Each structure stands twice: as structure tokens, then as C-alpha cells.
K.L.:
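Please read through the structure below; I'll follow up with questions.
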Amino acid sequence: MVDKVIPLADLRYASAVPIIPATLNAPTGLLSDRLARPLRDLRISVTDRCNFRCSYCMPKEVFDKRYDFLPQSSLLSFEEITRLARLFVSHGVHKIRLTGGEPLLRKGLDGLIRMLSELRTPEGHAVDLTLTTNGSLLAKKAQALRDAGLQRITVSLDGLDDAIFRRMNDVDFPVADVLEGIAEAARVGLGPIKVNMVVKRGTNDSEILPMAAHFRNTPVILRFIEYMDVGATNGWRMDEVLPSAEVIARINAVHPLEALDANDRGETAQRWRYRDGAGEIGVISSVTQAFCRDCNRARLSTEGKLFLCLFANQGHDLRTLLRGDCDDEQIAGAIGLIWNGRDDRYSELRSGLAAGPESGARRVEMHYIGG
Ligand code: SAM
Ligand code: SF4
Ligand code: SF4
């Protein structure tokens, strides 16, 4: 008899096979977790690979030639992703964000977008479909993504100074190519475009004002993200976090700002606008101002594990259900049960924790579940 071989990569993060509830109720779109938070937002990682090596996400020393990325057979197929996405939508998800790794590296991604763009919420609306990318392949792919049904796009860009940017992506990628990608995305109608800048004190905080000046008087919404302690490889230190309040103060001193109301409950960014009418910016203060109370986001990893928090160390292995003989009702029931049991609120608890949520357990990496 030949033993079943389980690829090593499948064991990298702890996961449990979900329980199928004994009684299966049809999804109502009104799922709620233990802190009364609904399920609205699903982030799907379509690859764990990336052509950048941003030090805060995939430091070169760890993610080198010897790193064991997931084998092709581990990845969810587009059919599997769409099947799960449909069940999540029946539970109340109305926004899907594709991410990674670098999502534009996944072959045939426009085919997946086409399939997801056909999903409808229980009220009959199309799902809000968006994608986060490092922009390196955007100039080439924007038109195809738009044609497939992608509505909007978020591009990560950590500075305008070419030397600083090349150092941050750590593969010597030029800033001009990302700017060209942003321009092309705008041209094909993937707006309003959001640009995300992770701010690391002492590394790229000198780029805050140039970035603000560059995107003022354009429809692009620039958002500053506090450097987070995700994963276990980026050597995070609190003194490298530049609090959002300081970002706002620096910009306000040059271009006066006023606060705006949130568009949506559960929105991650606090919105601000220039008093002179030059546009909007945002700050995402995941370290200094936790926003767990309204967190309605679930994350599906490249290999089909459901994570309930960016800082979780355990996933729920939906792929085993997909590749077993479970029907849609059973999988939807399992997802419902998982969400009902959710009580994650890591950012709110962070200051009281010495070494992450459970010392000794390995926290999931950002490139594996996406941002
Ligand atoms: N590769 C794509 C990109 O960079 O846009 C998508 C995946 S990336 C993991 C998603 C987002 O997470 C990016 O905006 C990135 O800047 C952000 N991110 C990664 N590591 C981070 C960290 N340690 N702190 C804050 N944001 C981080
Ligand atoms: Fe790649 Fe995005 Fe992570 Fe940078 S932040 S290494 S571009 S996945
Ligand atoms: Fe949501 Fe977890 Fe982030 Fe809190 S720490 S906002 S629960 S993902």
C-alpha cells in the first residue's frame, strides 16, 4: 500500500477541517459573529508569489530561491474560488478584493474576474469587485482586467523618489513603470484609483509630502498605511511605525485638511480632504487606532484556507470540503458556523500581548493571505 503524500507546503500553517452543522439552514445574508459583526468583505489571495521583495512583507533573506512556494496543485482553481465566493455572497459578502502575493502574476486572472463579475447578491446587485496590485504589470494588463469586469483598482506605491522606491521593493523596480500603470488604469476606467503607501519611519517618511503633492488635484485617493506587525519575518519594531496622526499633521501644515465622514461601517481608512478642494486622502491606522469593532472582513488564502483575522495563526481548511464530496449547502453551513464563532480582535488587544496572539504559534504571512 502506498501512503498518501501530503505536500510539505500544505502544512505550513495550522488549519482545521471545518465542521458541517447537523442542521443546514439556507444562508440569509445576515450572518453575525460573536461580537455582532456581519460578514461583508472577502479578500481572496490568488497567488503566494510576488515579483517584489518589500522588506515589510517578503524580506529577501527569507523569500529567496530556497523558499518553498505553494505547488500548483495546492492552489484553488478559478472554479473552486468562484464556487466559494458564491457561497460567501449568499452569506452577505458584497465586496470581493483579489490580492496576493502579486495577483497579476496569476495566469489567466481576467478569466477569474469574468466569473466573479457574474455573481449577484441576494438583492440582485453585482458584487463590488476590486484588486490590489504592486502595479508592475498594470500598464500591460489594465485594459484586459477592465474588459473582464473589474470595477476598481488599488495600487501600492511607497514613494516617488526612484532610489527610495527601488530600495523598498528590493528588486530594483523603477517608479516610472508603476506610475505608467496607474495612468493606464485611469485611462481604461478603473477609477477612482486608490494608491496605498506603507510608511516606515526613517525609510520612506520623507516621501509623504511629495506623494501628497503629486496626487493632489487628481482623482487618485492616496492612503497612508501604518507599518504593521503582520507575519513573523519582517522584524517589525514599534519605533519604525509613523502614527497616522503624524502623517496628517505633516500634510496639514502645508496643505490644510478637514476630516470626512466614513462611507461605510467597517471601512478601514479614515478619510480627509484638502480644504482648498484639491481632493481626498486617507489614513489606515491599524496599529495606533484599532478598528476591530467593525471588522467585517474574511480572508481566503491561495490554498483555500479561511482566515478570520489578518493576525490569525490558524485557518479553516475549506479546500478539503471542496475536494471532498460536500455539496454547496454543507459548505455554506460550515462557513456560517465558522463566522458565528469568530471573536478575533487582534489590533485592539495588541498592546497587551507580548509575542502575538498566542506565543509560540506561527502567524500567517501577508503574501499568503493578502492585505
Ligand atoms: N502585491 C500586492 C500589493 O503590494 O499591492 C497585493 C498584496 S500586498 C500583501 C497588499 C497590501 O499589503 C499592500 O498595499 C502592501 O503595501 C500591504 N502590506 C504588506 N505588508 C505590510 C505591512 N507589514 N504593514 C502594512 N501594510 C503591509
Ligand atoms: Fe509583493 Fe505586495 Fe508583499 Fe510587496 S507588499 S512583497 S508587492 S505582496
Ligand atoms: Fe480585523 Fe483582525 Fe485587523 Fe482587527 S486585527 S481589524 S479583527 S483583521
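All values derive from a computational prediction rather than experimental measurement.
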K.L.:
Walk me through it: do Arg201 and Asp239 pass the test salt bridge (Lys or Arg N to Asp or Glu O under 4.0 Å)?
P.N.:
CA-CA 7 Å; Arg201 192 195 288 278; Asp239 60 5; over 6 Å; no
K.L.:
Within the supplied structure, the quantity of interest is the number of heavy atoms (other residues, nucleotides, ligands) at a distance under 6.0 Å from Arg120 CZ; does it exceed 12?
P.N.:
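More than 12 heavy atoms, drawn from other residues, nucleotides or ligands, come within 6.0 Å of this atom.
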K.L.:
Looking at Leu70, is its backbone amide N or carbonyl O close enough to the side chain of Glu303 to form a donor-acceptor pair, meaning the two atoms are under 3.5 Å apart?
P.N.:
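No: the side chain of Glu303 does not pair with the backbone of Leu70.
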K.L.:
Do Gln314 and Ser15 pair up side chain to side chain, a donor and an acceptor below 3.5 Å, judged on atom types alone?
P.N.:
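There is no such pair (donor and acceptor under 3.5 Å, judged by atom type) between the side chains of Gln314 and Ser15.
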K.L.:
Please determine whether a side-chain nitrogen of the Lys or Arg among Arg167 and Asp172 lies less than 4.0 Å from a carboxylate oxygen of the Asp or Glu.
P.N.:
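No salt bridge links Arg167 with Asp172.
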K.L.:
Can you list the steps and then say if Leu138 with Leu104 is a side-chain contact (heavy atoms from CB on, under 4.5 Å)?
P.N.:
CA-CA 8 Å; Leu138 194 53; Leu104 300 189; 4.1 Å; yes
K.L.:
Taking atom types as modelled and ignoring hydrogens, do the side chains of Glu226 and Thr288 form a donor-acceptor contact shorter than 3.5 angstrom?
P.N.:
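Side chains of Glu226 and Thr288: pair found under 3.5 Å.
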K.L.:
Pairing donors with acceptors under 3.5 angstrom, does anything connect the side chains of Asn134 and Asn51?
P.N.:
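Result is yes, a qualifying pair exists.
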K.L.:
Within the distance-only criterion (no hydrogens, no angle test), does the side chain of Glu267 pair as donor or acceptor with the backbone N or O of Ala262 below 3.5 angstrom?
P.N.:
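It does not hold such a pair.
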K.L.:
Under 4.5 Å side-chain heavy-atom separation, chaining through any Ile, Leu, Val, Met, Phe, Trp or Tyr, what else clusters with Leu337? Say none if it is isolated.
P.N.:
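Members besides Leu337, by chain and number: Ile19.
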K.L.:
Salt bridge or not between Asp33 and Arg37? Use side-chain N to carboxylate O under 4.0 Å.
P.N.:
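Yes, Asp33 and Arg37 are salt-bridged.
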K.L.:
Can you confirm whether the side chains of Ser244 and Gln289 place a donor and an acceptor under 3.5 Å from each other?
P.N.:
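Side chains of Ser244 and Gln289: no pair found under 3.5 Å.
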K.L.:
Measure from the side-chain N and O atoms of Asn252 to the backbone N and O of Leu257, and report whether any donor-acceptor pair falls under 3.5 Å.
P.N.:
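Confirmed, Asn252 side chain pairs with Leu257 backbone.
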K.L.:
Test of understanding: clusters of I, L, V, M, F, W, Y form through side-chain heavy atoms closer than 4.5 Å, transitively. Do Leu145 and Ile193 belong to the same one?
P.N.:
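Leu145 and Ile193: one cluster.
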K.L.:
Just by modelled atom types, is the Val175 backbone N or O under 3.5 Å from a matching donor or acceptor in the Asp162 side chain?
P.N.:
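Yes, Asp162 side chain to Val175 backbone: donor-acceptor pair under 3.5 Å.
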K.L.:
Would you please classify the geometry between the Tyr227 ring and the Trp236 ring as parallel, tilted or perpendicular, with 30° and 60° separating the classes?
P.N.:
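Ring orientation, 0 to 90° scale: tilted.
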K.L.:
Honestly curious: do Leu190 and Phe215 fall in one hydrophobic cluster under the side-chain, below-4.5 Å linking rule?
P.N.:
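Per the 4.5 Å side-chain linkage, Leu190 and Phe215 are co-clustered.
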K.L.:
Just how far is it from atom CG of Leu112 to atom OG of Ser117, taken to the nearest 0.5 Å?
P.N.:
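Taking CG in Leu112 and OG in Ser117, the distance rounds to 9.5 Å.
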K.L.:
Please confirm whether the backbone N or O of Val46 pairs with a side-chain atom of Arg106, one donor and one acceptor, at under 3.5 Å?
P.N.:
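Side chain of Arg106 to backbone of Val46: a pair is present.
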K.L.:
May I ask you to decide whether Asp170 forms a salt bridge with Arg53, counting only side-chain N to carboxylate O separations under 4.0 Å?
P.N.:
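No, Asp170 and Arg53 are not salt-bridged.
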K.L.:
Please indicate whether Asp64 has more than 12 foreign heavy atoms, meaning atoms of other residues, nucleotides or ligands, lying under 6.0 Å from its CG.
P.N.:
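Yes.
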K.L.:
Quick check against the 3.5 Å criterion: does Arg271 have a side-chain atom that pairs as donor or acceptor with the backbone of Asp261?
P.N.:
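Side chain of Arg271 to backbone of Asp261, a donor-acceptor pair under 3.5 Å: yes, one is there.
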K.L.:
Show your working on salt bridge (Lys or Arg N to Asp or Glu O under 4.0 Å) between Asp276 and Arg216 and close with a plain yes or no.
P.N.:
CA-CA 10 Å; Asp276 63 2; Arg216 268 168 56 81; 2.7 Å; yes
K.L.:
For the backbone of Met115 and the side chain of Glu118, can you confirm whether one donor and one acceptor N or O come within less than 3.5 Å of each other?
P.N.:
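No.
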K.L.:
Check the hydrophobic clustering (I, L, V, M, F, W, Y; side-chain heavy atoms under 4.5 Å; chains of links allowed) and say if Leu35 and Leu349 are grouped together.
P.N.:
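No, it is not one cluster - the side chains of Leu35 and Leu349 are not joined through contacts under 4.5 Å.
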K.L.:
Between Glu184 and Arg187, is there a side-chain N and carboxylate O pair less than 4.0 Å apart?
P.N.:
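Salt bridge flag = yes for Arg187 with Glu184.
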K.L.:
Closer than 3.5 angstrom, by distance alone: can the side chain of Asp177 be matched with the main-chain N or O of Pro174 as a donor-acceptor pair?
P.N.:
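Between the backbone of Pro174 and the side chain of Asp177 there is no qualifying donor-acceptor contact (under 3.5 Å).
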K.L.:
Does one side chain, of Arg97 or Thr154, offer a donor that lies under 3.5 Å from an acceptor on the other?
P.N.:
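Arg97 vs Thr154: donor-acceptor pair found between side chains.
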K.L.:
For Glu258 and Arg275, what are the C-alpha separation, side-chain angles and deciding distance, and is it a salt bridge (Lys or Arg N to Asp or Glu O under 4.0 Å)?
P.N.:
CA-CA 6 Å; Glu258 61 193 358; Arg275 285 182 187 271; 3.2 Å; yes
K.L.:
Using the rule given for side-chain contact (heavy atoms from CB on, under 4.5 Å), can you reason through Ile113 versus Leu116, listing the C-alpha separation, both sets of side-chain angles and the distance that settles it, and then say yes or no?
P.N.:
CA-CA 5 Å; Ile113 290 170; Leu116 294 175; 5.7 Å; no
K.L.:
Parallel, tilted or perpendicular: which one describes the rings of His255 and Tyr274, with boundaries at 30° and 60°?
P.N.:
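The arrangement is perpendicular - the two ring planes meet at more than 60°.
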K.L.:
Inspect the contact between Arg34 and Asp343 and indicate whether a charged nitrogen and a carboxylate oxygen are less than 4.0 angstrom apart.
P.N.:
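Yes, Asp343 and Arg34 are salt-bridged.
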K.L.:
Looking at Gln72, I'd like to know if its CD atom is crowded, meaning that more than 12 non-hydrogen atoms belonging to other residues, nucleotides or ligands lie closer than 6.0 Å.
P.N.:
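Count not over threshold, so no.
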K.L.:
Tell me whether Arg273 is salt-bridged to Glu280, with the criterion being a basic N under 4.0 Å from an acidic carboxylate O.
P.N.:
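No.
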K.L.:
Tell me whether Ile221 shares a hydrophobic cluster with Trp272, the cluster being built from Ile, Leu, Val, Met, Phe, Trp, Tyr side chains joined at under 4.5 Å.
P.N.:
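No; tracing contacts between hydrophobic side chains, which count when under 4.5 Å, never links both residues.
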K.L.:
Is a side-chain donor-acceptor pair under 3.5 Å present for Ser45 with Thr99?
P.N.:
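Absent: no donor and acceptor within the cut-off.
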K.L.:
Could Glu246 and Arg250 be called an ion pair, given the rule that one side-chain N must be under 4.0 Å from one carboxylate O?
P.N.:
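Counted as a salt bridge, because a side-chain N and a carboxylate O are separated by less than 4.0 Å.
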K.L.:
Checking the side chain of Arg319 only, and the main-chain atoms of Ser74 only, is there a donor and an acceptor separated by less than 3.5 Å?
P.N.:
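Side chain of Arg319 to backbone of Ser74: a pair is present.
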K.L.:
Decide yes or no on side-chain contact (heavy atoms from CB on, under 4.5 Å) for Thr132 and Leu98, but give the supporting numbers first.
P.N.:
CA-CA 6 Å; Thr132 303; Leu98 299 179; over 6 Å; no
K.L.:
For Phe63 and Tyr67, take the angle between the two ring planes, folded into 0 to 90°, and tell me which bin it lands in: parallel under 30, tilted 30 to 60, perpendicular over 60.
P.N.:
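Tilted: the ring planes of Phe63 and Tyr67 meet at 30° to 60°.
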K.L.:
Which heavy atom of Leu87 sits nearest to which heavy atom of Ala332, and what is that distance?
P.N.:
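Of all heavy-atom pairs spanning Leu87 and Ala332, the closest is CD1-N, 4.1 Å.
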K.L.:
If two hydrophobic side chains count as joined below 4.5 Å and joins carry through other members, does Ile281 share a cluster with Leu260?
P.N.:
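Not linked; separate clusters.
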K.L.:
Would you call Phe88 and Leu318 a side-chain contact if the rule is heavy atoms closer than 4.5 Å?
P.N.:
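Yes, their side chains come closer than 4.5 Å.
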K.L.:
Counting distance only, does the side-chain N/O of Gln270 pair as donor-acceptor with the main-chain N or O of Gly282 below 3.5 Å?
P.N.:
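The answer is no, because no donor-acceptor pair under 3.5 Å joins these two groups.
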K.L.:
Are Lys141 and Asp110 ion-paired here, with the side-chain N under 4.0 Å from a carboxylate O?
P.N.:
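Judged by the 4.0 Å cut-off on N to carboxylate O distance, Lys141 and Asp110 do not form a salt bridge.
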K.L.:
Assess, by modelled atom type and distance only, whether the side chains of Asn196 and Arg223 contain a donor and an acceptor separated by less than 3.5 Å.
P.N.:
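Per modelled atom types, Asn196 and Arg223 side chains form a pair under 3.5 Å.
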K.L.:
Go through Asp128 and Gln151 one step at a time and tell me if the side-chain contact (heavy atoms from CB on, under 4.5 Å) criterion holds.
P.N.:
CA-CA 7 Å; Asp128 182 11; Gln151 293 155 2; 3.2 Å; yes
